[in-house]
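Below: one structure, written as structure tokens.
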Amino acid sequence: MTEALHAVSTAQRPLRVRIAPSPTGDPHVGTAYIALFNYVFARKQGGTFILRIEDTDQERYTAGSEAAIFEALRWLGLRWDEGPDVGGPCGPYRQSERLAIYKEHVELLLARGGAYRCFCTRERLEKLHAEQTASKSSHLGYDGHCRDLSVADQTALLVAETPFVVRLRVPRDGVTRFVDHLRPEPIEFENRLVDDQVLQKSDGYPTYHLANVVDDHLMGITHVIRGEEWITSTPKHVLLYQAFGWEPPAWHHLGLLRNADKTKLSKRKNPVSIFHYRELGYMPETLLNFMANLGFSMGADVERFTVEQMIEAFEWSKVSVGGPVFDPAKLEAFNGADIRAMSIDALYDRLQERVLAPARIKALLAQAQERVHRLDDFIPYLSFFFGGSLDYAPVLDKIKAPAGKSNAEAAQLLDDYAQEIERDNQARSFTAPALEAFSRDFCQRHAVKPKELFMLLRLGVSGRTASPALFDTMALCGKDRCRTRLRDLSGLLRQRG
RNA sequence: GGCCCUGUUGUCUAGCGGUUAGGACGUUGGCCUCUCACGCCGAAAGCCCGGGUUCGAUUCCCGGCAGGGUCACCA
């Protein structure tokens, strides 16, 4: 049985893999991690590496984050062969441009009986969920209310323009089994525990599950290499392939990157933006090497290697699957070693690329010009625009919670501030005017005097009581540097109790 | 809670029935040295637990336990 299942894999089709990020927020290191393994595997096998943008959620979509994904992956050197920007034979590579395709496939499924229309209201579903939770029902999920509506009933509802979603008709019994090529045993799910997943939302957009399967098939994806978080929805995907009569890809679920406390790597507990590492001066090849070691082992006690060397040596048997803790200290050590290994000329060139990029330096000089008396003062004056965490010792006594607030509340205020910036479409871009508008509004909402919050922000970001205009300072420091420092400051406040 | 995945020092890992259980980060002692850093030498620290199978289990099997993931008209 096991043998037979393993043998099914992807016969003789040309090897094609993909990374399919969704454009929400900053590009995540987890995306880079998964991209790396897809990329390396494709290169090793002479296959094709595809970038597909999964932008089917209009609510969470954020402008500019697609471009940010391109930028981040390019910075890392993970070049894709097909994608929204470079095109390719299976385009478009942006799901929002493939809506007609999904519609068509939903119709196909409906016609075949593999899916059905569900007219249940959100209220009913919420009530259902509440009841299931309250009764401690062992399995939550749709109750199949609309599963067998008569044609007449459906027509009536359709004529009345009742909103509906389309759900996958999951078999009531039996099991769905698939092989994960990273694990020794096939993975099995009882069908009765698999929910009738929504495939098409009431706004006509596909959900991830539908779009992903349709695209993977249409784009000829032979190997799906993704995070372990997807294992539980894989039976739905397998069932979808079956409903369409398609051959599923070979599944590979990699362990999830973790915080120090072993939970799934999160923004709350760790810097997760690829840009954070770029801005703070980690080198792309070092970051890649560090991440490679999280799930891949070269063997022979070698852990410093290039992507080329990884490609050379790559085999799935060298990939481990326990969720690794992303340890910034080790990354730091790798990066330091790599800096030491460079020639002075190479180092100098590296610095020009970003840290000392002329445009950046000029922008900084513009801030320092009127505040400095000697040329030699520029560098010390601008020092806090560089580096990560600051030493707050010299200004410790100046760091105070706003009037009427405890230290803990002030810390919380800073955390909220950092968090809410991400949710603000303007402030997220981190320009001075947007930051100012956001910050003033923030003060209003949280009942703090701007003066007090702004001083706290200034101290956090610059480590000084005096600096160039706060919002220019923040914009020039960059989001990632500000975020770490504000996090540091909030930690410091919290520590005081 | 149901289901699923995972389980070697604090962390990332090597190991694939017999090893003084190897390497790296971190921690730590020392050497080098005007200081720091680097570099070098050394140390502490691990096979989740309990049953099997076996002459012998970290390794194979079973059962626990622990951690994680997932249970959306988000991906």
Side-chain angles (χ1 to χ4, degrees), chain A residues 20-25 28 30-31 53-61 95 118 120-122 125-126 129 132-142 163-167 175-176 178 180 182-185 187-212 226-236 253-265 289-304 317-337 339-341:
Chain A
S22 69
T24 54
H28 197 283
T31 303
I53 298 293
E54 309 225 325
D55 54 350
T56 55
D57 183 0
Q58 331 90 287
E59 305 218 338
R60 293 209 311 159
Y61 177 81
Q95 291 188 328
C118 168
C120 292
T121 60
R122 301 224 186 213
L125 295 177
E126 273 161 29
H129 187 262
Q132 286 173 340
T133 312
S135 67
K136 297 206 176 96
S137 170
S138 63
H139 81 99
L140 311 167
Y142 185 60
F164 66 90
V165 300
V166 175
R167 289 180 185 273
V175 298
T176 297
F178 59 91
D180 181 302
L182 256 18
R183 284 156 240 267
E185 301 291 334
I187 300 176
E188 227 178 64
F189 288 84
E190 286 189 61
N191 288 153
R192 65 185 179 82
L193 299 175
V194 179
D195 199 16
D196 278 5
Q197 183 63 49
V198 171
L199 301 175
Q200 186 182 81
K201 313 174 202 175
S202 55
D203 63 4
Y205 273 65
T207 57
Y208 168 84
H209 304 280
L210 193 263
N212 189 270
R226 58 177 11 169
E228 190 179 30
E229 53 192 330
W230 294 110
I231 287 186
T232 25
S233 39
T234 304
K236 295 168 185 173
H253 292 93
L254 262 23
L256 256 26
L257 265 26
R258 319 272 189 101
N259 299 307
D261 66 3
K262 304 273 193 181
T263 54
K264 180 168 150 179
L265 193 66
N289 177 215
F290 168 72
M291 288 196 296
N293 276 296
L294 261 22
F296 167 82
S297 176
M298 195 59 108
D301 294 340
V302 174
E303 59 177 13
R304 300 314 314 270
S317 65
K318 295 178 177 173
V319 173
S320 61
V321 88
V325 170
F326 187 98
D327 178 12
K330 186 154 180 172
L331 205 211
E332 185 117 342
F334 274 22
N335 209 61
I339 285 176
R340 265 170 257 132

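We name chains A, B, ... by the order of the sequence lines, and we start the count at 1 in each one.
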_Spatial distance of atom CD (A:Glu229) from atom CG (A:Leu254) [nearest 0.5 Å]_ = 11.0 Å

*Looking only at atom P, what distance separates B:rA44 and B:rG7, rounded to whole Å?*
28 Å

*Considering every strand shown, what is the Watson-Crick or G-U wobble mate of B:rG50 when both distances are under 3.5 Å?*
B:rC62

*Whole-Å distance between B:rA75 C1' and A:Glu54 CD?*
7 Å

_Looking at B:rG7, I'd like to know if its phosphate oxygens (OP1 or OP2) sit under 4.0 Å from a side-chain N or O belonging to A:Lys262._
no

_Under 3.5 Å on both distances, the Watson-Crick or G-U partner of B:rA72_ = none

*Just checking A:Gln200: base, sugar-phosphate only, or nothing, at a heavy-atom cut-off of under 4.0 Å?*
nothing

*Given atom CD of A:Glu332 and atom C1' of B:rC12, what is their separation to the nearest angstrom?*
16 Å

*Please state the C1' separation for the pair B:rG23 and B:rG15 - nearest whole angstrom.*
12 Å

_Between B:rG42 and B:rC36 - C1' atom distance, rounded Å_ = 22 Å

*So, are A:Arg183 and A:Glu228 salt-bridged, with charged N and O less than 4.0 Å apart?*
yes

*Which nucleotide, B:rC73, B:rG2, B:rA75, lies nearest any side-chain atom of A:Leu193?*
B:rG2

*asked:* Distance check needed: B:rG69 C1' versus A:Asn259 CG, whole Å only.
replied: 14 Å

*Quickly work out the A:His253 NE2 to B:rC5 P distance and round it to whole Å.*
12 Å

_With a 4.0 Å limit, can you tell me whether A:His129 has a side-chain N or O closer than that to the phosphate oxygens OP1/OP2 of B:rA72?_
yes

*How would nucleotides 13-26 of chain B be written as a contact map, 5' to 3', with B for base contact, S for sugar-phosphate-only contact and - for no contact, using protein heavy atoms under 4.0 Å?*
SS-------BBBS-

*C1' gap between B:rG22 and B:rC16, integer Å*: 14 Å

*asked:* Side-chain N or O of A:Ser233 versus OP1/OP2 of B:rC71: is the shortest distance under 4.0 Å?
replied: no

*asked:* Given B:rC73, B:rU11, B:rC74, identify the nucleotide with an atom nearest to the side chain of A:Arg167.
replied: B:rC73

*Which is true for A:Val198 with a 4.0 Å heavy-atom rule: it touches a base, it touches only sugar-phosphate, or it touches nothing?*
sugar-phosphate

*Please examine the side chains of A:Gln95 and A:Tyr205, heavy atoms only from C-beta on, and report whether any two atoms are closer than 4.5 Å.*
no

*What is the nucleic acid contact for A:Thr234, judged by heavy atoms within less than 4.0 Å: base, sugar-phosphate only, or nothing?*
nothing

*asked:* When you compare the side chain of A:His253 with that of A:Leu182, does any pair of heavy atoms fall below 4.5 Å?
replied: no

*Quick one: CG on A:Leu257 to CE on A:Met291, what's the gap to the nearest 0.5 Å?*
7.5 Å

*Watson-Crick or G-U wobble partner for B:rG67, using a 3.5 Å limit on both distances?*
B:rC5

*Under 4.0 Å between a side-chain N or O of A:Arg258 and OP1 or OP2 of B:rU6?*
no

*Using the six-membered ring wherever Trp is involved, compare the ring planes of A:Phe189 and A:Phe178 and label them parallel, tilted or perpendicular (cut-offs 30° and 60°).*
parallel

*Are side-chain heavy atoms of A:Tyr208 and A:Ser22 found at a separation under 4.5 Å?*
no

_Taking only the P atom of each, what is the distance from B:rU59 to B:rG63 in whole angstrom?_
16 Å

*Side-chain contact, heavy-atom cut-off 4.5 Å: A:Arg258 with A:Leu265?*
no

*Whom does B:rG26 pair with, Watson-Crick or G-U wobble, provided both distances fall under 3.5 Å?*
none

*When you compare B:rU6 with B:rC60, how far apart are their P atoms, in angstrom units rounded to a whole number?*
13 Å

*For A:Phe326 and B:rC12, give me the distance from atom CZ to atom P, rounded to whole Å.*
13 Å

*Determine the contact category for A:Arg122: base if any of its heavy atoms lies under 4.0 Å from a base atom, sugar-phosphate if only primed atoms, P, OP1 or OP2 are that close, otherwise nothing.*
base

*Take atom CG of A:Asp196 and atom P of B:rC73, then tell me their distance rounded to the nearest Å.*
12 Å

_Rounding to an integer number of Å, can you tell me how far A:Ile339 CD1 sits from B:rG39 P?_
13 Å

*Taking C-beta and beyond as the side chain, do A:Leu199 and A:Lys236 meet within less than 4.5 Å on heavy atoms?*
no

_Rounded P spacing from B:rU70 to B:rG46 in Å_ = 33 Å

*asked:* At less than 3.5 Å, do the side-chain atoms of A:Thr207 and the base atoms of B:rC73 form a donor-acceptor pair?
replied: no

*Evaluate the side-chain proximity of A:Val194 to A:Thr176: yes if any heavy-atom separation is below 4.5 Å, no if none is.*
no

*First encountered from the 5' end of RNA chain B, between A:Glu190 and A:Lys236*: A:Glu190

*Write down the distance separating the C1' atoms in B:rA45 and B:rU20, rounded off to the nearest Å.*
16 Å

*Considering every strand shown, what is the Watson-Crick or G-U wobble mate of B:rG18 when both distances are under 3.5 Å?*
B:rC55

*Whole-Å gap separating C1' (B:rU70) and CZ (A:Arg226)*: 13 Å

